[in-house]
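Values below: all heavy atoms of this structure, side chains included; hydrogens, waters and symmetry mates excluded.
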Amino acid sequence: MGFFSEDADKVRQQQEAFFREFEEKAHDKPCSLELAECRADETARADMGFSGGGALWGLIVFCERDVYFYSAAQDSYMSFFAQGAGRQEEQLVRLGALKQLQFCRAKKRRPAFLFPENERTIEARFTGSGGLPRSFTLVLGRRADEVLDKLRKSCASS
C-alpha cells in the first residue's frame with residue numbers, strides 16, 4: 001500500500017468517526033460536508049443561536065433530514081498570548097430551523113480578479129426575532145455554484 005492510499009484511509013476513518021459523533025449530537029445522519037466560514041453581525045448570530053462574536057470557521061453538514069453549521073471548540077490566536085482568552089465553544093446550528101431561510105449567490109463585484117472570494121460566497125437571509133430580516137454570509141472552500149443548489153434543496157425539504 002502506498003503513502004497516499006494510507007493517508008486516504010486515515011482521512012476516511014476520521015470522517016467516519018466525525019459522522020458517528022455528529023449523528024449522536026444532532027440525531028440526524030450526516031451525508032456530506034462543506035468547509036465554510038460563517039460571517040454575521042451580532043444580532044444575526046444571536047438569532048441563529050451562535051454564542052460569541054466574529055466570524056466562525058466550520059462545516060456545513062448535510063444530513064438526511066436537515067442542514068447544520070458546525071464549528072468545533074477552538075482557541076483564538078489571542079489564547080497564544082493569554083491563557084484562556086478567546087476560547088470558542090463548540091457550536092451547532094440547525095440552518096433548516098431558521099424562518100424563511102433563502103440562499104443566493106453573492107452579487108458579482110468588478111473587477112473579478114480583485115474579489116476572488118466572490119466566486120465562493122453565498123448570501124443567506126432569514127426572519128429573525130421580532131420578525132426582523134437578518135442575513136449572514138457563507139464563504140466556502142470551493143465555488144458557490146456547486147453548493148448553492150444543495151443548500152436550497154436541503155433547506156426546502158426540512
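When the options R65, E64, R20 are evaluated for a side chain to side chain contact (heavy atoms under 4.5 Å, CB included) with K29, the one that passes is E64. Exactly one residue among L35, I122, L151 makes a side chain to side chain contact (heavy atoms under 4.5 Å, CB included) with I60. That residue is L151. Under the side-chain hydrogen bond (donor to acceptor under 3.5 Å, both in side chains) test applied with E16, the options Q14, Q13, R12 reduce to a single match, R12.
Side-chain contact between C38 and F50: present, with at least one pair of heavy atoms (C-beta onward) separated by less than 4.5 Å. Contact check for Q15 versus L33: side-chain heavy atoms found under the 4.5 Å cut-off. In this structure, the side chains of S135 and Q102 stay at 4.5 Å or more apart for every pair of heavy atoms. Here the side chains of V61 and F19 are not in contact, with every heavy-atom distance at 4.5 Å or above.
For the atom pair CG (L148) and CZ (R143), the distance works out to 11.5 Å, reported to the nearest 0.5 Å. Put simply, CZ on F62 and OG on S32 are 5.5 Å apart, with the number rounded to the nearest 0.5 Å.
Residue-environment remark: NZ (K99) stays at or below the threshold of 12 foreign heavy atoms within 6.0 Å.
A donor-acceptor pair under 3.5 Å links the side-chain atoms of R152 to the main chain of F103, judged by distance alone. Judged by distance alone, with hydrogens and angles left aside, the side-chain atoms of D66 form no donor-acceptor pair with the main-chain N or O of D28 at under 3.5 Å. Looking only at distances, no side-chain donor or acceptor of T121 sits under 3.5 Å from a matching main-chain atom of V139.
When all heavy atoms of L92 and A26 are compared, the pair lying nearest together is CD2-CB, 4.3 Å. Closest heavy-atom contact between M48 and L95: CE-CD2, 4.3 Å. Listed here is the closest heavy atom pair of S154 and V67: CB-CG2, 3.0 Å. The two residues P30 and C63 have their closest heavy-atom pair at CA-SG, 3.6 Å.
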query: How far apart are the C-alpha atoms of L101 and F136, what are their side-chain angles, what is the distance that settles it, and do they pass the side-chain contact (heavy atoms from CB on, under 4.5 Å) test?
result: CA-CA 11 Å; L101 180 62; F136 63 95; 4.0 Å; yes

message: Go through it in stages, so that I can follow the logic: the residues are K10 and D7, the test is salt bridge (charged side-chain N to carboxylate O under 4.0 Å, His left out), and I'd like the CA-CA distance, side-chain angles, deciding distance and then a yes or no.
response: CA-CA 5 Å; K10 186 175 181 179; D7 284 349; over 6 Å; no

query: Under the side-chain contact (heavy atoms from CB on, under 4.5 Å) criterion, do E37 and T137 qualify, and how do the steps go?
result: CA-CA 8 Å; E37 177 187 21; T137 302; over 6 Å; no

query: Can you list the steps and then say if R134 with F126 is a side-chain contact (heavy atoms from CB on, under 4.5 Å)?
result: CA-CA 5 Å; R134 303 283 189 241; F126 66 99; 3.4 Å; yes

message: Applying side-chain contact (heavy atoms from CB on, under 4.5 Å) to F69 and Q91, what does each step give before you reach the verdict?
response: CA-CA 8 Å; F69 186 86; Q91 305 208 39; over 6 Å; no

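Taking a cutoff of 4.0 Å between a charged side-chain nitrogen and a carboxylate oxygen, R120 and E146 do not qualify as a salt bridge.
Contacts of R125 classified as side-chain hydrogen bond (donor to acceptor under 3.5 Å, both in side chains), with partners at least two apart in sequence or in another chain: none.
Aromatic rings from Y70 and F18 are positioned such that their centres are separated by under 6.0 Å.
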